[in-house]
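All chains are named by letter (A, B, ...) in the order of the sequence lines, taking the proteins before the strands, and each is independently numbered beginning at 1.
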Amino acid sequence: MTPSDPFALDDTPPPSSQSVPRPMADPEWLAGLNPEQRQAVEITDGPVLVLSGAGTGKTRVLITRLAYILGKRLAQPWQILAVTFTNRAAREMRERVGGLVGPMAESLWLGTFHALGVRILRKHGELVGLKSNFTILDSDDQLRLLKQVMEADGIDHKKWPAQVVLSVIQRWKDKSLTPDRVTPSMAGDLAAGRAVELYRAYQDRLITLNAADFGDLLLHCLTLFQYHAEVLQEYQDRFRYILVDEYQDTNVAQYLWLRLLCQKHRNLCCVGDDDQSIYSWRGAEVGNILRFEKDFTDAKVVRLERNYRSTPTILAAASALIDHNEDRLGKTLKTAEDADTEPGAPVTVKGVWDGPEEARWVIEEIEALQTKGDSLLSMAILVRAGFQMLEFEERFITTGVPYRVVGGPRFYERLEIRDAIAYLRCINTPTDDLAFERIVNKPKRGIGDTTVQKIHVYARSAGLSLMEAALRLTETDELRAQTRNALTTLIGDMSRWRSLRDGLSPADLAAQVLDESGCTEMWMKDTSPEAPGRLDNLKEFVGGLEEWDTIGAFLEHVSLVMENDSKSGDEAVTIMTLHGAKGLEFDTVFLPGWEEEIFPHRRALDDGGGAAVEEERRLAYVGLTRARKKVSISFAANRRVYNQWQASLPSRFIGELPDEHVELISDNGLMGSFGEAQADGFSDGWGGGSSWSKSRGRKAPIIDGDSWQVEARESSGGYTVGMRIFHQKFGYGIIQAVDDTRLEIAFDKAGDKKVIDSFVEPA
DNA sequence: TATTTTGGTCTTTTT
DNA sequence: GACCAAAATA
């Protein structure tokens, strides 16, 4: 077993943990808790719901609770189930618990829902049709598989993109709906009304391939528990204590999974914060929090409201912001009395001209802090979406300030890495059709679609795996000599590599495979600018394999943990998405891109009214509460979208921050840096006025076209489709569509643009 | 038959 | 500017 293997759980008690020579009564780690935290730790009997605001010591409570249960010998480590939301959190928790109780932390059942689901299915999967060596599909495989199914069904994939259908299916799985439980009304007219058929066909295909996708990891568990009471009972007996982190982000299937497992001992402890629920798009149901109290009427509720992380100023800003959400359980965060009572620096809001300038400004601030003696590790840039990272990366590179992207383009998702993995999958599991299909013509060896189709047809009719079918085909004269030879070589190589598997370490084997398959060569010959980088990635990939004993263990790790364990500790600024930042904290946090359509994201604004925007607001709240000492928000007046410049508005969230805790930075020298090139539209007035009136209501602050001052205006000031208008920047045009304050205008010269009504005037 | 070119469509967040 | 799928070309 390798150190970071999430399944490093041992069923059998290691001899050392039989005797527990640990301090029993009130060790010092228990004494350091406040009364509520202590309650959350000490109420071990029965269901407990811990509502825990940001920075209130939630992780600490969880860890202490685990240590407490173990220390009191209420259960053995393998009788405790602890579920986290990310693999990183799981790893961290295991380490920290280990620090308190020693090696027995190793035998806890601790991991993500998915990782734990796999563990169960590896053992009992046969009961639901999965052999124990089933493969876990990555998103790419899922999509290709569904496409195949849709093609076979003759669904127009132009009209119904596989991606859309797939996400609907996933949502069903999140809700624990097997194909037979999806009602026609749920499917609607999706995929010409045949979505359920597709779902069923897709599931059948998965079983045939002995594969499971992410949703299946839970869904199959539920089916298993439902139809095999003896298995369920085994686990119910086993898990005396169950702990759940980030409970607000669980979906229905996960909730059912938990409810089934805890039924016997009923010692379920869930920790969550409704204000930090940011995964509803993935099927998370905040309603699970409400449901908890309904299903467990004897549940004790503990509220953790004392914040130990942020300054009172940051806390006040965050609270005021989240207060704009209607749909809340209601929870006030207050500064812990014993904490530092200095109000702290105000939250700053900086307006800049455009994206590059924003990056420049942020990194100047970072350098200033560094000169002052702050560590780069204590700073983070948190963005709404991945693409925003680019501008900062460029700036980091030109300035030479070290940075670290966390959760960016995932390492294992890069195409060259996936190819390498597919080779390993083929070697490890010859029947892995999806992997075979992926690498059959990579690098190009003259085996095109037609050949693959032939293999497919043959495989299906003879009930063979693709690799076997290919082998049989080479023995006939169905194929042209050239393709036949290519296939024979490939299959020969495969079996040769497979025979080497036991003699070589995974790393050595991978290196050999990459060289002999021509993958390395392919990238060396490639003249595109990213080719050298890809070669480096492959090297890193081989290097990363060093720590694994078997290919199988490595592949298991990869399929669940798409993130590359980024080595931390180096002095560098962290840059990551807001979603990725949940659960982390930094001294200084930069929150760039606070503009309408970016944050809140356009998609959130588009669909319906409040719910989606409220989730965005929670995301903003998460961002603010990551900071211990200082928050810097920024927005740009212009943003390049697609390929053209578009004017943007400050985010409504900026207007929702309380005046008294916010400082607007608008330095007068700003105009100078705008330079000669941008003399249109916004020629003056920025620096002088800086009047910062907020609009409290639904409307975002609206910025007047040329005076660039903030003023609240009535929506859609009488503009109608077909009207001719004038815009400072884009000239004359005709209104094509009106959506409240947003106008779509066909400009005579500048083409089609979406602008806010306050930017135009009747012509 | 395999590869290159072109044309149209989009961009959240992740286990 | 990036990605995919269908048409064009070697």
- side-chain N/O A:Arg384 vs B:dT12 OP1/OP2, d < 4.0 Å: no
- Item | A:Lys173 side chain reached by A:Asp213 side chain, heavy atoms, under 4.5 Å | yes
- Task: For the residue pair A:Ile381 and A:Phe396, establish whether any side-chain heavy-atom pair is separated by less than 4.5 Å.
- Result: yes
- Task: Name the nucleic acid region contacted by A:Gly386, choosing base, sugar-phosphate or nothing; use a 4.0 angstrom heavy-atom cut-off, strictly under.
- Result: sugar-phosphate
- Message: Would you say A:Thr577 places a side-chain N or O within less than 4.0 Å of OP1 or OP2 belonging to B:dT14?
- Response: yes
- Message: Measuring only the P atom in each nucleotide, how far is C:dC4 from B:dT13? A whole number of Å is fine.
- Response: 16 Å
- Using only heavy-atom distances, determine whether the side chains of A:Tyr403 and A:Glu393 contain a donor-acceptor pair under 3.5 Å. yes
- To the nearest angstrom, how far is A:Phe387 atom CZ from B:dT13 atom P? 8 Å
- Query: Should B:dT15 form a Watson-Crick or G-U wobble pair with both distances under 3.5 Å, which nucleotide is its partner?
  - Reply: none
- Message: Rounded to whole Å, how long is the line connecting atom NE2 of A:His579 with atom P of B:dT13?
- Response: 9 Å
- Query: Could you give the CD-to-P distance, from A:Glu615 to B:dT13, as a whole number of Å?
  - Reply: 13 Å
- Have a look at A:Phe113 and say if it touches a base, only the backbone sugar-phosphate, or nothing, with a 4.0 Å heavy-atom cut-off. nothing
- Message: Measure CG/A:Asp249 against P/B:dT13 and give the value in whole Å, please.
- Response: 16 Å
- Rounded to whole Å, the CD-C1' distance (A:Gln248 to B:dT14) equals 15 Å
- Message: Test your reading of the model: is there a side-chain donor-acceptor pair from A:His579 to the backbone of A:Ile278, 3.5 Å cut-off?
- Response: yes
- Message: Would you say A:Lys147 places a side-chain N or O within less than 4.0 Å of OP1 or OP2 belonging to C:dA5?
- Response: yes
- Item | Exercise: do A:Asp216 and A:Gln203 side chains pair donor with acceptor under 3.5 Å | yes
- Taking the six-membered ring for Trp, does A:His114 stack with B:dT15 (centroid gap under 5.5 Å, planes within less than 30°)? no
- Grab the CE-P distance between A:Met576 and B:dT12 for me, whole Å please. 20 Å
- Query: According to the 5.5 Å centroid and 30° plane-angle thresholds, does A:Trp281 stack upon the nucleobase of B:dT12?
  - Reply: no
- Could you give the CZ-to-C1' distance, from A:Arg603 to B:dC10, as a whole number of Å? 10 Å
- Item | Gap between atoms CZ and P, on A:Arg418 and C:dC3 respectively (whole Å) | 13 Å
